[in-house]
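Note that the structure is a prediction, hence the values are computed from the model and not measured. By convention in this document, chain letters (A, B, ...) are assigned in the order of the sequence lines, proteins followed by strands, and residues within each chain are numbered from 1.
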Number of protein chains: 2
Amino acid sequence: MQLEKVTKTRKSDEKRRYEDACGLAHALDLIGERWAMLVLRELAYGPRRFSELRSDLQGISANVLTQRLTELEARGLVRKVKLPPPASVQVYQATEWGLEAVPMIASLGRWAARSPAHDPTLPMSHVSIIMSFQTLISPALAEGIDERVGFRLGDADYVVHVHDGRLDVMRADIENTRATFIGSPTEIAAVVHGGAPFDTIKVEGDLEFAGRFAKLFPLPPKVDAS
Amino acid sequence: MQLEKVTKTRKSDEKRRYEDACGLAHALDLIGERWAMLVLRELAYGPRRFSELRSDLQGISANVLTQRLTELEARGLVRKVKLPPPASVQVYQATEWGLEAVPMIASLGRWAARSPAHDPTLPMSHVSIIMSFQTLISPALAEGIDERVGFRLGDADYVVHVHDGRLDVMRADIENTRATFIGSPTEIAAVVHGGAPFDTIKVEGDLEFAGRFAKLFPLPPKVDAS
DNA sequence: CCGTATCCAATAAGATACTG
DNA sequence: CAGTATCTTATTGGATACGG
């Protein structure tokens, strides 16, 4: 019985690969399993704890999360780090190479937003909404802007910096920002991506600038059902 | 029994989605299932028949291929087309929107080629090797080149056009090319990506230019095992 | 509270044989 | 050739219990 089990475990780890030299096939061997890319997304802006990942990845079960993290670590995409004594908690951190995949999976997200089946009213994590800004920002509309904006999304704080038509993201305490948005990721998405009125969320600082900022992220056009 | 079956089918089609507004999660709902991105890859350069797909996607089983094609069609990524009378065969063709995802999954492939675990000696399809050229071409090295090159990969012919640091690809009869490479995808990959000597493949036309062409596609550096 | 390990039921994938 | 049908195996997710 013990022997059977070992065999089974080895198989689930390694057997299900595409035996294909194509880089894409290898990419899918690395991060193609269910939830793997979403785990990587959650690590895009800094290390996270197991329980944060579990609660932000709505619907993943603890054992699957453990397995994905273990696999990603074995493959060199994620490192398990123990924070120094005052905190002493264990966190999972994307490696530099793992982070290189993030812009690619993010643009897959922009591509998929063109789908008629995409439902933007579903819940989303704070990483997702911040990443959507970074991915959807229009360099043309953002031209000439050089400002910092804060986001308080539940208990996660971000500072984003618009400059040169791009958006830099930091997880950091909110200070020295021109404006700050406060609300749940879904509420803020409704305002910025869905054009909902500002009165469902809280905005501090320069309200006029906040209104301008919120228009920098046009959604890609839906595909026509052909 | 009939009723049970209907219920089962509905569930397998729709139940396993990530309930997440994030674009990436939706992308995975669309093309995240096993084999789906590889099917899309095979359709990158033109429509293909069921049996071609089955034999080029080494290891896929007929029922899974059927299911993936059906799903991709329902989601608007693939169209089932019947060619006009002389041929009268049925082919699968990527939609315009489906093709938009191809550059993104191709760059995932370039990213994954940095993995220490990537094994370039495994078999690969003719689409894969052509796509690797398109993805890996170095604009700097290709500067000033404006030439057409042919590839005869088994019974698949391609003409690629290097210009302005890019590579355009057509599936077409080989004519008016400066050079033509003849061999299996794996053999040609060994020469171009692996630096193997030219004597394992056949090259026609301007051999000196062929040698220069073969150096335009540097592999990305491997990640160091940290 | 932070994870891990284990058991169980539901699905998805794989292998093979078969039909129009 | 283009798929179906059927059976077997593997993976997933949910619940629960366990160790630090």
Side-chain angles (χ1 to χ4, degrees), chain A residues 1-2 4-20 25 28-29 32-39 47-73 78 80-83 87-92 155, chain B residues 1-2 4-20 28-29 31-39 42 47-73 78 80-83 87-93 155:
Chain A
M1 185 171 169
Q2 215 177 14
E4 278 176 41
K5 239 183 187 167
V6 169
T7 309
K8 260 185 137 178
T9 305
R10 175 128 33 91
K11 277 189 179 176
S12 26
D13 274 5
E14 298 301 341
K15 178 109 179 268
R16 204 124 173 222
R17 290 183 311 198
Y18 304 103
E19 300 287 340
D20 188 333
L28 296 173
D29 286 337
E33 279 127 338
R34 197 164 159 75
W35 295 106
M37 294 193 206
L38 299 179
V39 170
R48 310 287 304 277
R49 306 180 62 161
F50 187 93
S51 52
E52 294 179 293
L53 294 172
R54 191 181 176 184
S55 70
D56 286 347
L57 294 168
Q58 279 276 12
I60 197 172
S61 55
N63 49 7
V64 172
L65 179 54
T66 300
Q67 198 181 325
R68 281 308 93 89
L69 289 169
T70 308
E71 291 160 356
L72 292 174
E73 192 188 5
V78 164
K80 214 167 171 172
V81 176
K82 187 139 193 156
L83 294 184
S88 273
V89 295
Q90 182 162 278
V91 294
Y92 297 88
D155 50 5
Chain B
M1 185 172 168
Q2 216 175 16
E4 279 176 42
K5 237 183 185 168
V6 170
T7 309
K8 261 185 134 178
T9 306
R10 176 129 29 91
K11 278 190 179 174
S12 28
D13 273 6
E14 299 301 340
K15 181 109 178 267
R16 200 110 175 235
R17 291 183 312 199
Y18 303 103
E19 299 288 337
D20 187 333
L28 296 172
D29 287 337
I31 54 170
E33 281 127 336
R34 196 163 161 76
W35 294 106
M37 294 193 206
L38 299 179
V39 170
E42 286 300 314
R48 311 287 303 278
R49 306 179 64 160
F50 187 93
S51 52
E52 294 179 293
L53 294 172
R54 190 181 177 184
S55 69
D56 285 348
L57 294 168
Q58 278 277 10
I60 197 172
S61 54
N63 50 3
V64 172
L65 178 54
T66 301
Q67 198 181 326
R68 282 305 95 87
L69 288 168
T70 308
E71 291 161 355
L72 291 173
E73 192 187 7
V78 164
K80 213 167 169 170
V81 176
K82 187 138 193 156
L83 293 185
S88 273
V89 294
Q90 181 163 277
V91 293
Y92 296 88
Q93 180 179 41
D155 51 4

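- Straight-line distance from the CG atom of A/Leu57 to the C1' atom of D/dG13: 14 Å, rounded to whole Å.
- Contact between the side-chain N/O atoms of B/Arg34 and the OP1/OP2 oxygens of C/dG14 is found at a separation under 4.0 Å.
- Between A/Leu38 atom CG and D/dT12 atom C1' the separation is 15 Å, expressed in whole Å.
- Using a 4.5 Å heavy-atom threshold, the side chains of B/Ile60 and B/Leu38 count as separate.
- A salt bridge (Lys or Arg N to Asp or Glu O under 4.0 Å) with B/Glu42 is found for exactly one of B/Arg68, B/Arg48, B/Arg54, namely B/Arg48.
- Residue A/Met37 comes nearest to B/Leu28 through the heavy atom pair SD-CD2, 3.9 Å, listed as atom of the first residue, atom of the second, then distance.
- Taking both residues in full, the closest heavy atoms of B/Gln58 and B/Trp35 are given as O-CH2, 3.4 Å, listed atom of the first, atom of the second, then distance.
- Between B/Phe50 and B/Thr66, some side-chain heavy-atom pair lies under the 4.5 Å cut-off.
- In this structure, A/Glu19 places its CD atom 12 Å from P of C/dG14, rounding to the nearest Å.
- Distance, B/Gln67 CD to D/dT4 P: 11 Å, rounded to whole Å.
- Between A/Tyr18 and A/Asp29, the shortest heavy-atom contact is N-OD1, 3.0 Å.
- Atom CG of B/Leu83 and atom P of D/dC1 are 16 Å apart (whole Å).
- As a whole-Å value, the separation of A/Glu33 CD from C/dA12 P is 17 Å.
- One can place CG of A/Leu65 at 13 Å from P of C/dA5, the figure rounded to the nearest angstrom.
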Detail all sub-3.5 Å separations between protein N/O atoms and N/O atoms belonging to nucleotides 2-4 of chain C.
{"unit_1": "C/dG3", "atom_1": "OP2", "unit_2": "A/Phe50", "atom_2": "N", "d": "3.2"}
{"unit_1": "C/dT4", "atom_1": "OP1", "unit_2": "A/Lys80", "atom_2": "NZ", "d": "3.2"}
{"unit_1": "C/dT4", "atom_1": "OP2", "unit_2": "A/Thr66", "atom_2": "OG1", "d": "3.3"}

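- Residue B/Trp35 places none of its side-chain N or O atoms closer than 4.0 Å to OP1 or OP2 of C/dA12.
- With rounding to whole Å, B/Ile60 atom CD1 is found 16 Å from C/dT16 atom C1'.
- Side-chain N/O atoms of B/Arg16 include none lying less than 4.0 angstrom from OP1 or OP2 on C/dA10.
- Shown here for A/Val91 and A/Pro47, the closest heavy-atom pair between the two residues is CG2-CB, 3.7 Å.
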